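Here is the structure we will look at.
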Amino acid sequence: IRWSGFVKPQYTQSYRFYTQANDGVKLWVNGVLLINRWSNTSSTKENSGNNIALTAGQKYSIKMEFYDNTSTAVAKLFWSSSSQAKQIIPTARLYSQ
């Protein structure tokens, strides 16, 4: 499956994105591949990518791809910055194309 749209940060800071998935997952923010774990796994794993600098109030493209090989599918997306504890990205910060 592929989800795509835009994310709008609240703070002008460096952000770290995280995924929790039980099989393959890839994440791009502003065209930069931050997470690339495209493999089968028997348990839900957390992944994080390099930090990326984002400006408050500006929309950035975001795309997450995921596949589930067996069992129950799990795909979660989190972020954090120095002013924001790690959290699932709120829907108020996500925009459709």
Side-chain angles (χ1 to χ4, degrees):
I1 188 165
R2 177 180 299 132
W3 296 280
S4 61
F6 298 90
V7 63
K8 186 167 77 169
Q10 184 174 359
Y11 306 103
T12 298
Q13 294 177 339
S14 181
Y15 281 78
R16 181 169 292 256
F17 288 80
Y18 309 82
T19 60
Q20 285 183 356
N22 64 332
D23 282 313
V25 63
K26 292 183 181 185
L27 178 71
W28 292 262
V29 176
N30 202 30
V32 177
L33 180 62
L34 296 178
I35 296 173
N36 185 10
R37 190 183 58 78
W38 205 248
S39 60
N40 296 336
T41 180
S42 60
S43 62
T44 302
K45 292 197 161 231
E46 181 174 281
N47 305 280
S48 65
N50 293 328
N51 288 353
I52 186 168
L54 303 177
T55 301
Q58 183 174 328
K59 290 181 183 176
Y60 294 89
S61 64
I62 188 166
K63 178 173 67 172
M64 182 169 152
E65 294 180 346
F66 165 75
Y67 81 87
D68 179 52
N69 186 43
T70 60
S71 74
T72 304
V74 175
K76 298 178 183 179
L77 178 60
F78 301 80
W79 65 352
S80 67
S81 74
S82 59
S83 296
Q84 175 181 287
K86 183 173 141 185
Q87 64 178 336
I88 289 179
I89 300 175
T91 55
R93 294 274 160 212
L94 294 170
Y95 299 83
S96 63
Q97 295 184 351

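This one's a predicted model, so the numbers in the text were calculated from it and none came from an experiment.
No continuous path of hydrophobic side-chain contacts links Ile1 to Ile88 [ILVMFWY only; heavy atoms under 4.5 Å]. Note on Val25 and Val32: same hydrophobic cluster, where clusters join Ile, Leu, Val, Met, Phe, Trp and Tyr whose side-chain heavy atoms are under 4.5 Å apart, directly or indirectly. Connection of Trp3 to Val7 is established within a shared hydrophobic cluster, with ILVMFWY side chains joined at heavy-atom distances below 4.5 Å, either directly or through further cluster members.
Considering every non-hydrogen atom in both Ser81 and Gln13, the closest pair reads OG-OE1, 2.7 Å. Pairing each heavy atom of Tyr15 with each of Gln10, the nearest pair is OH-N, 3.6 Å. For the residue pair Arg16 and Gly49, the shortest heavy atom distance occurs at NH1-O, 2.7 Å. Here the shortest heavy-atom pairing between Gly31 and Ser61 reads N-OG, 3.7 Å. Between Asp23 and Tyr67, the shortest heavy-atom distance links the atoms CB-O, 3.0 Å. Summarising the geometry of Asn51 relative to Ser14, their closest heavy-atom pair is CB-OG, 3.0 Å, with the distance given to 0.1 Å.
For Asn50, the CG atom sits in a loose shell: 12 or fewer heavy atoms of surrounding residues, nucleotides or ligands are nearer than 6.0 Å.
Under the 4.5 Å side-chain criterion, counting only non-hydrogen atoms from C-beta, Leu54 is not in contact with Tyr11. Considering only heavy atoms from C-beta on, Ile62 comes within 4.5 Å of Leu77 through its side chain. Tyr60 places a side-chain heavy atom less than 4.5 Å from the side chain of Thr55. Using a 4.5 Å cut-off on side-chain heavy atoms (C-beta onward), Glu65 and Trp28 make contact.
With sequence neighbours excluded, the residues that form a side chain to side chain donor-acceptor pair (under 3.5 Å) with Ser4 are Gln97. Applying the salt bridge (Lys or Arg N to Asp or Glu O under 4.0 Å) rule to Lys86 yields the partners Glu46; only residues at least two apart in sequence or on another chain are considered.
Here the CG-CD1 distance, from Asn47 to Ile35, works out to 6.0 Å after rounding to the nearest 0.5 Å. In this structure, CG on Leu33 lies 9.0 Å from NZ on Lys63, to the nearest 0.5 angstrom. Going from atom OH of Tyr18 over to atom CZ of Phe78 covers 10.5 Å, rounded to the nearest 0.5 Å. Rounding to the nearest 0.5 Å gives a distance of 11.0 Å between NZ of Lys8 and CD of Gln58.
Here the side chain of Arg37 pairs no donor or acceptor atom with the backbone of Gly24 at under 3.5 angstrom.
Note on ring orientation: taking the six-membered ring where Trp is involved, the planes of Trp79 and Phe17 are tilted (angle from 30° to 60°).
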